[in-house]
Amino acid sequence: MHPHLPEPDDEERAHAERLAEHLREEIATQGPMPFSRFMERCLYAPGLGYYSAGKPKFGAAGDFVTAPELGDLFAQCVAHTLAPALRELGPQAEMIELGGGSGAFAEAAIKALDAAGAMPYRYRILEPSADLRERQGERLRAALPPKLHARVAWLERPPEQAWRGVLFANEVIDALPATRFTLHEGEVFEEHVEADEAGRFQRSARPADPLVAGAVRHLERALGGRFAEGYRSELLPQLPYWMQAVAGTLEAGLMLFVDYGYPRAEYYHSERTDGTLRAFYRQRMHADVLRYPGLQDLTASVDFTALAEAGVQAGFEMAAYLPQAQFLIASGLQEAFQAAHAQAADEQTRYALAQEVKHLTLPGEMGERFQVMLFTRGLQADVLPEDVRLADRSQRL
């Protein structure tokens, strides 16, 4: 293990070895495994993947902290921006949250939407992990009044019937299985995973199939030049199909995505020669993504230009793109902070609120690293708060 990483206990080691053995068996029978497949199995293999097993993931007791885990201010600001669209869409409007995490966002957002007179007819959480569905359900049953909890439902797959409302996703796209590519003598190669004689996983490069090679050439044309020899990064060739799958039945409404990432020109900057792929383990970020399958989160930053293209291809209009700090400020962060500060029972709570704002907005924390993108369909652009529209930075894309 890396010296700066905590050692897993015996139970965790056994869990990782069970998943590793499944991966080795697949490699032995089918040959080297595309890294995207390795990442998908590590995160989502039933009962063994990182998001499918029962290990705590979010907050101080887990491996990383998301914005909703810091407190209620993030969800209150999101609710402030979504409320006008929900009111305009009428009494049958719904809200779907992709990947509900610990349930912290849903709890705070539902309360804020109800207080704003914009509680949707149904609040649905699209959560494929049975373990997380159970955790979210327990939290929301305990935290929400019965009349609000009665409107919450869970989905295991995207809705197949047409619906109207808003779709929200925080730190979801970074967990989609990423395809890793590299350039060798002008040709595109895709990163695979093999197992050596001792069963240790290692990387290898194989000629890319037409889909991956075409996606890399599309990037080069968009960027106006070829990638250098040995340049390595990642992409999501499946993103347009994923977008259509999760949002294709949204007839009218608004979509809001929050994630860490960059516009395409920054993502594929010539000096970023090894991409953005990394692992999170017990509040530590590191680069050994092949170690201890199922125990650590694997993630890659988001190419927001690709996200914009996928949304437009799915029939939406891109309404705004801006850093998280600007989005939150434009969505009433100061007012939400002042209201919470006035109601705080003691100095410790007031200090925690101030720290929450810093984490959400400072450039070295989440403020600049996280970006926000909004799409609309069948709604006028002015359904968004004016301050959000004025802060739009879509020219960076």
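The analysis underlying the following values was restricted to heavy atoms, covering all of them including side chains, and did not include hydrogens, waters or symmetry mates.
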Exceeds 12 heavy-atom contacts within 6.0 angstrom, atom CG of Asp346: yes
Six-ring centre of Tyr262, Arg369 cation under 6.0 angstrom, axis tolerance 45°: no
Residues Ser204 and Glu194: side-chain donor-acceptor under 3.5 angstrom: yes
Close side-chain approach of Asp259 and Met373, heavy atoms under 4.5 Å: no
Parallel, tilted or perpendicular: ring planes of His341 versus Phe337, cut at 30 and 60 degrees: tilted
Modelled atom types, side-chain donor and acceptor of Tyr231 and Arg272, under 3.5 Å: no
Partners passing side-chain contact (heavy atoms from CB on, under 4.5 Å) against Gln338 (at least two apart in sequence or in another chain): Gln334
Atom CD of Glu11 with >12 non-hydrogen neighbours under 6.0 angstrom: no
Cluster overlap Leu256 with Phe375, hydrophobic side-chain contacts below 4.5 Å: no
Non-neighbouring partners of Arg350 that pass salt bridge (Lys or Arg N to Asp or Glu O under 4.0 Å), sequence neighbours left out: Glu347
Pairs satisfying salt bridge (Lys or Arg N to Asp or Glu O under 4.0 Å), at least one member in residues 195-212, at least two apart: Glu191-Arg203, Asp196-Arg200
Sub-4.5 Å side-chain heavy-atom contact between Leu167 and Phe257: yes
Taking distance alone, no hydrogens or angles, what donor-acceptor pairs closer than 3.5 Å link side-chain atoms of residues 320-328 to residues at least two apart or in another chain?
residue : atom : partner : partner atom : Å
Tyr321  : OH   : Gln371  : OE1          : 2.9
Gln324  : NE2  : Leu360  : O            : 3.0

Tyr268 and Phe181 aromatic ring geometry - parallel, tilted or perpendicular at 30°/60° bounds: tilted
Cys42 side chain reached by Leu23 side chain, heavy atoms, under 4.5 Å: yes
Backbone of Ser301 reached by a side-chain donor or acceptor of Tyr267 within 3.5 Å: yes
With Glu309 via side-chain contact (heavy atoms from CB on, under 4.5 Å) - residues at least two apart: His218, Arg264, Thr305, Gln313
Test ring pair (Phe, Tyr, Trp, His ring centres under 6.0 Å) applied to Phe316 - qualifying residues, sequence neighbours left out: none
With Glu365 via salt bridge (Lys or Arg N to Asp or Glu O under 4.0 Å) - residues at least two apart: none
hydrophobic_cluster_shared for Leu254 and Met318, side chain cutoff 4.5 Å: no
Step-by-step ring-ring contact (aromatic ring centres under 6.0 Å, His included) determination, Phe201 to Phe38: CA-CA 10 Å; Phe201 296 116; Phe38 180 86; 5.5 Å; yes
Atom CD of Glu160 with >12 non-hydrogen neighbours under 6.0 angstrom: no
Test side-chain contact (heavy atoms from CB on, under 4.5 Å) applied to Thr276 and Tyr260, step by step: CA-CA 10 Å; Thr276 68; Tyr260 43 82; over 6 Å; no
Parallel, tilted or perpendicular: rings of Phe189 and His184 (30°, 60°): perpendicular
Show me, pair by pair, the donor-acceptor contacts under 3.5 angstrom made by side chains of residues 72-83, not counting sequence neighbours?
residue : atom : partner : partner atom : Å
Thr81   : OG1  : Ser331  : OG           : 2.6

Distance-only donor-acceptor pairs under 3.5 Å for side chains of residues 104-127, two or more places apart:
residue : atom : partner : partner atom : Å
Glu107  : OE1  : Arg139  : NE           : 2.8
Glu107  : OE1  : Arg139  : NH2          : 3.3
Glu107  : OE2  : Lys111  : NZ           : 3.3
Arg122  : NE   : Glu94   : OE1          : 3.4
Arg122  : NH2  : Glu94   : OE1          : 3.3
Arg122  : NH2  : Glu94   : OE2          : 3.3
Tyr123  : OH   : Glu97   : OE1          : 2.7
Arg124  : NE   : Glu94   : OE1          : 2.9
Arg124  : NH2  : Glu94   : OE1          : 2.9
Glu127  : OE1  : Gly100  : N            : 3.1
Glu127  : OE1  : Gln136  : NE2          : 3.0
Glu127  : OE2  : Ser129  : N            : 3.2

Sequence neighbours excluded - side-chain hydrogen bond (donor to acceptor under 3.5 Å, both in side chains) pairs with any residue from residues 373-386: none
Non-neighbouring partners of Glu25 that pass salt bridge (Lys or Arg N to Asp or Glu O under 4.0 Å), sequence neighbours left out: none
Glu317: salt bridge (Lys or Arg N to Asp or Glu O under 4.0 Å) partners, not counting sequence neighbours: none
Modelled atom types, side-chain donor and acceptor of Ser394 and Asp392, under 3.5 Å: yes
